[in-house]
Every structure is written in C-alpha cells, then in structure tokens.
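Below: one structure in structure tokens.
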Amino acid sequence: MATKAHQIASQHPTPHDRSLEWACVGADPRIFDPDNVIELANAKSYCVACPARLVCLQLGLQRQEWGVWGGVLLEAGKRLNAPRRPGWERRPPEPVALG
Ligand code: SF4
C-alpha cells in the first residue's frame, strides 16, 4: 500500500527540495485512519509541520477521501471533528479484479 506521501508525490511532483519532504514518508499509513481521539491526535502530529499539508488537504477534499489528510479528519471528503465509534464505516473496499 502506498503512503499518502507517495500518492501526493505522484500527483504533484515537485522539484528536488528537501524542505518539501512529506512528514509521513515511511510512516504506517494505517495511522491516518484513527479509531479514537488519541489515534487522531497521533496522526495530526505528523501533519502539523508537514510542508505538504495544504496540498494534502486539497487532494483529500477533491478525492472525497477518508481518514486524516492535511491534518483534517475526512469521511468521504467531509470534515469530522472526531472519529466515529470504533467500527465506523470506512472507505468501501476496492473492487476485486476478476479473471
Ligand atoms: S499533511 Fe499529513 S498525511 Fe498529508 S502528507 Fe503531510 S504528514 Fe502525510
């Protein structure tokens, strides 16, 4: 699974500039699908000083994403203040290729 950083970098290629390195490179992408406020705070801690924060949030909103994007918790592109209870509806599973 690609990290958000990889998804963003592939869609918004930037010049080689170390100051634009995404803060979540190498992080477990599951961090950004928090189940409670403690996990949400942990995810946001990556985003708080990330140079890609605005690009990331814009991408999350445009693509109607789920999870933490640009330091904001999204559910199908809509902002949430806190994760819903454990087991909240997540992004529908990707369709499985047949054949
Ligand atoms: S804003 Fe957060 S989720 Fe987005 S690239 Fe930066 S650290 Fe990753």
Side-chain angles (χ1 to χ4, degrees):
M1 172 186 282
T3 66
K4 288 185 181 179
H6 293 139
Q7 293 176 28
I8 294 165
S10 67
Q11 295 193 10
H12 300 276
T14 56
H16 293 288
D17 181 346
R18 299 294 292 179
S19 70
L20 294 177
E21 191 166 278
W22 326 121
C24 59
V25 169
D28 183 340
R30 291 174 294 186
I31 290 170
F32 298 95
D33 285 318
D35 280 332
N36 56 56
V37 292
I38 294 172
E39 291 178 8
L40 175 61
N42 183 42
K44 286 184 173 184
S45 72
Y46 282 86
C47 305
V48 69
C50 179
R53 187 172 180 169
L54 291 179
V55 172
C56 181
L57 176 57
Q58 184 179 33
L59 188 62
L61 293 171
Q62 285 174 349
R63 292 178 17 172
Q64 300 183 335
E65 286 286 358
W66 300 65
V68 176
W69 289 76
V72 176
L73 179 61
L74 301 178
E75 181 182 74
K78 296 195 170 52
R79 296 169 189 245
L80 288 181
N81 290 329
R84 298 187 192 275
R85 66 187 179 282
W88 62 295
E89 184 181 352
R90 294 182 183 276
R91 175 205 306 265
E94 298 289 328
V96 177
L98 301 176

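Just follow the structure's listing: the first ligand is 1, and inside any ligand the first atom is 1. Only a predicted model underlies this, so the values are computations on that prediction, with no experimental measurement involved.
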Practice task
Indicate if the distance from atom 4 (Fe) of ligand 1 to the nearest N, O or S atom of Cys56 falls below 2.8 Å.
Solution key: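 Here the distance criterion (N, O or S atom, under 2.8 Å) is met by Cys56, so yes.
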Handout entry: Under 3.5 Å: donor-acceptor pair, side chain of Arg79, backbone of Leu74
Key = no
Exercise for the section: List every atom of ligand 1 that sits less than 4.0 Å from any heavy atom of Ala23, numbering the atoms from 1 in the order shown and giving each element. Expected result: 7 (S)
Exercise for the section: Could you tell me which non-hydrogen atom of Trp22 sits nearest to which non-hydrogen atom of Cys50, and how far apart they are? Expected result: CA-SG, 4.0 Å
Practice task
Taking all non-hydrogen atoms of both residues into account, name the closest pair between Phe32 and Ala43 and its distance.
Solution key: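 What the structure gives for the nearest pair is CE2-O, 3.7 Å.
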Handout entry: ligand 1 contacted by Tyr46 (non-hydrogen, < 4.0 Å)
Key =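 Contact present.
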Practice task
Check each atom of ligand 1 against the heavy atoms of Arg53 and keep those under 4.0 Å away; list them by number with element.
Solution key: 1 (S)
Handout entry: Any side-chain heavy-atom pair of Leu73 and Pro83 under 4.5 Å
Key = yes
Handout entry: Taking every non-hydrogen atom, the tightest pair across Trp69 and Leu59
Key = CZ3-CD2, 4.0 Å
Practice task
Check ligand 1 against Gly70 and write out every atom of the ligand that is under 4.0 Å from a heavy-atom position of the residue.
Solution key: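 Listed by number with element, the hits are 1 (S), 4 (Fe).
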Exercise for the section: Enumerate the atoms of ligand 1 whose separation from the nearest heavy atom of Cys50 is less than 4.0 angstrom. Expected result: 1 (S), 5 (S), 6 (Fe), 7 (S)
